[in-house]
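Report on the following structure.
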Number of protein chains: 2
Amino acid sequence: MKGQSTRSHERPHWSIPESTCRICVAFNLNICGVGGGAEARGPQQSGYVVPARHNILREHGLYGVVPFICSGWAATVVMLPDGRRQIISFLLPGDIVSTTLLFDSQPYSRIEAITETHCRTFDRAELRALLYKEPDLLEKFSKTWIGEKRRAEELIVDLGRRTAEERIARLIFNLMDRLTKRGMVRGEPVEIDFPLRQHHIADATGLTPVHVSKVLTEFRRDGLINISNRSLTLLNPAGLKRIAQMR
Amino acid sequence: MKGQSTRSHERPHWSIPESTCRICVAFNLNICGVGGGAEARGPQQSGYVVPARHNILREHGLYGVVPFICSGWAATVVMLPDGRRQIISFLLPGDIVSTTLLFDSQPYSRIEAITETHCRTFDRAELRALLYKEPDLLEKFSKTWIGEKRRAEELIVDLGRRTAEERIARLIFNLMDRLTKRGMVRGEPVEIDFPLRQHHIADATGLTPVHVSKVLTEFRRDGLINISNRSLTLLNPAGLKRIAQMR
DNA sequence: CGGTGTCTTGAATACCATCAAGTCTTGTGG
DNA sequence: CCACAAGACTTGATGGTATTCAAGACACCG
């Protein structure tokens with residue numbers, strides 16, 4: 001609908017907290033003109049907004065750009081022909097939408113915006129050329145790639161070998177950790193904006209929405225967490241952590 | 001039963017079928033001196049043998065080398081404190097043992113040899129330097145990266161959203177496909193060496209050995225496959241494929 | 001030869017799914 | 001602003017898939 005800020009001098013038409021940019025890969029690669037960083041180099045950029053529940057990337061589309069999340073939450077979703085869904089990962093501000101888009105124009109999975117999401121894209125060919133030219137960038141990029149792989153493997157273990165309660169508790173901690181790095185947690189006890197619906201949690205943990213509801217009310221009954229008004233409060237971190245790593 | 005004995009003459013101290021080298025990443029990067037390719041460049045190499053059931057890599061060890069599988073089967077295993085195990089992937093001849101070892105000296109997961117395994121390692125620093133220097137290599141390497149990520153995501157979907165029968169059928173097809181690329185399938189109906197124990201299948205599919213046994217005998221009863229003498233025959237590919245992707 | 005690892009089979013059980021009904025919220029168009 | 005529809009969540013009843021427990025057969029190995 002709108003978007004298209006032209007070149008690097010101009011600030012985007014939405015404002016992004018500095019804490020977000022500070023963890024952004026694009027910012028750290030020094031290729032992004034937003035956030036008060038140095039002058040952007042190389043890749044052609046453009047920004048746009050995706051409304052909640054719309055697709056940021058379609059699974060079999062062809063893309064010439066590599067998008068990043070500036071604000072909002074999104075999910076990487078795989079759909080089966082019969083309607084079953086699995087969420088591979090949640091994307092938070094500062095994340096690359098799809099690292100494979102750097103090397104392959106066709107994504108394997110769909111990316112759905114959970115909240116309204118602000119994106120910024122970089123031209124793939126230019127970005128890749130820059131990466132090849134500067135080992136320093138590649139080094140940084142490989143770090144995010146390793147982190148992604150690591151989280152994928154942890155999810156495999158969760159889905160293969162952990163109970164419903166463990167999976168949900170671990171999901172909450174993973175999100176907490178990532179939001180903490182972004183300066184997106186508040187107060188004591190710790191509280192976060194929590195835009196996920198229970199069906200998102202279900203699709204991420206391989207459970208049904210009904211069972212997620214039961215586990216969450218159990219967590220609430222035990223005074224571990226509280227969820228209301230799209231906001232999650234961690235009342236008993238130690239208790240939840242025990243569930244997350246034990247059996 | 002047949003094959004897999006160490007004959008010692010030729011260039012390395014064990015012999016590797018050419019078909020294996022042809023799909024090997026190291027061979028395609030032209031950094032490996034084995035297999036009749038061009039003279040090896042750059043990285044310091046060394047080869048060794050790991051007996052069945054021994055570790056190729058320990059999860060918290062520190063390594064200065066990047067190992068490849070020249071022959072034999074191995075598995076990437078994550079262990080939980082209480083003994084639960086999850087296999088992330090099976091490694092076949094020509095595979096990199098751990099791609100993250102290129103950038104990080106500490107692997108997240110353990111690598112176990114399933115059969116006797118012959119490995120060849122390359123010095124990490126040298127290999128990485130070579131990669132940074134030649135965009136061509138990096139391009140090829142990124143392909144294996146993407147493939148690895150893709151398979152991890154498919155496994156996530158399998159574990160999160162598919163039934164026991166679907167998971168096992170898909171595992172068999174995945175192995176078949178990979179072995180076909182390596183020229184490691186024989187005859188009609190298709191047959192492969194199959195060194196996996198049922199507990200390997202269980203750990204890879206997030207099931208118990210008992211249930212794997214039940215599903216496999218069901219597959220056998222339905223004339224889909226046959227397993228005997230560490231060898232698997234695909235009797236009804238169409239029937240098994242229907243199980244693998246439907247429902 | 002006992003010991004260990006592997007596989008099979010049956011019975012009982014647990015965990016989570018499915019089905020269903022109802023409440024409450026959110027969004028939308030008149 | 002209200003009426004209505006759709007989405008989100010809860011709760012209980014019931015069912016199915018896979019686990020756990022257990023026992024026995026078989027092969028392989030030192």
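Treat the numbers as computed from the prediction; the structure is a model and nothing was measured. Sequence lines set the chain letters: A, B, ... in the order given, protein chains first and strands last, and positions in each chain run from 1.
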Separation of [N] [atom2] from [X] [atom1] (nearest whole Å):
| X | N | atom1 | atom2 | value |
| --- | --- | --- | --- | --- |
| A/Glu218 | C/dC15 | CD | P | 11 Å |
| A/Asp203 | C/dA17 | CG | P | 11 Å |
| A/Ile201 | D/dA8 | CD1 | P | 13 Å |
| A/Asp82 | C/dA17 | CG | C1' | 15 Å |
| A/Leu207 | D/dT10 | CG | C1' | 17 Å |
| A/Ile114 | D/dA8 | CD1 | P | 12 Å |

Is a side-chain N or O of A/Ser89 found less than 3.5 angstrom from the main chain of A/Thr76, in a donor-acceptor match?
-> no

Please check if the side chain of A/Gln86 supplies one atom and the backbone of A/Asp203 the other of a donor-acceptor pair under 3.5 Å.
->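 Side chain of A/Gln86 to backbone of A/Asp203: a pair is present.
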
A/Glu218 and A/Lys214 ion-paired at < 4.0 Å |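 Salt bridge between A/Glu218 and A/Lys214, a charged N being under 4.0 Å from a carboxylate O: no.
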
B/Arg178: partners by side-chain hydrogen bond (donor to acceptor under 3.5 Å, both in side chains), with sequence neighbours left out | B/Asp95

Is any side-chain heavy atom of [Y] closer than 4.5 Å to one of [X]?
| X | Y | answer |
| --- | --- | --- |
| A/His60 | A/Gln106 | yes |
| A/Leu207 | A/Ile168 | yes |
| B/Phe90 | B/Asn174 | no |

Reference residue B/Asp193; test salt bridge (charged side-chain N to carboxylate O under 4.0 Å, His left out); the match among B/Arg186, B/Arg230, B/Arg182 | B/Arg186

Quick one: bend of the helix from C/dC1-D/dG30 to C/dG30-D/dC1 from 5 pairs per end, to 10°?
-> 40°

Look for any protein N or O under 3.5 Å of an N or O in nucleotides 6-10 of chain C and output each such pair with its distance, or none.
residue	atom	partner	partner atom	Å
C/dC7	OP1	B/Arg230	NH1	3.4
C/dC7	OP2	B/Gln198	N	2.9
C/dT8	OP1	B/Arg220	NH2	2.4
C/dT8	OP2	B/Gln198	OE1	3.2
C/dT8	OP2	B/Gln198	NE2	2.6
C/dT8	OP2	B/Ser213	OG	2.8

Between A/His211 and A/Asn229, which is nearer to the 5' end of DNA chain C once each is assigned its nearest nucleotide?
->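 The answer here is A/His211.
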
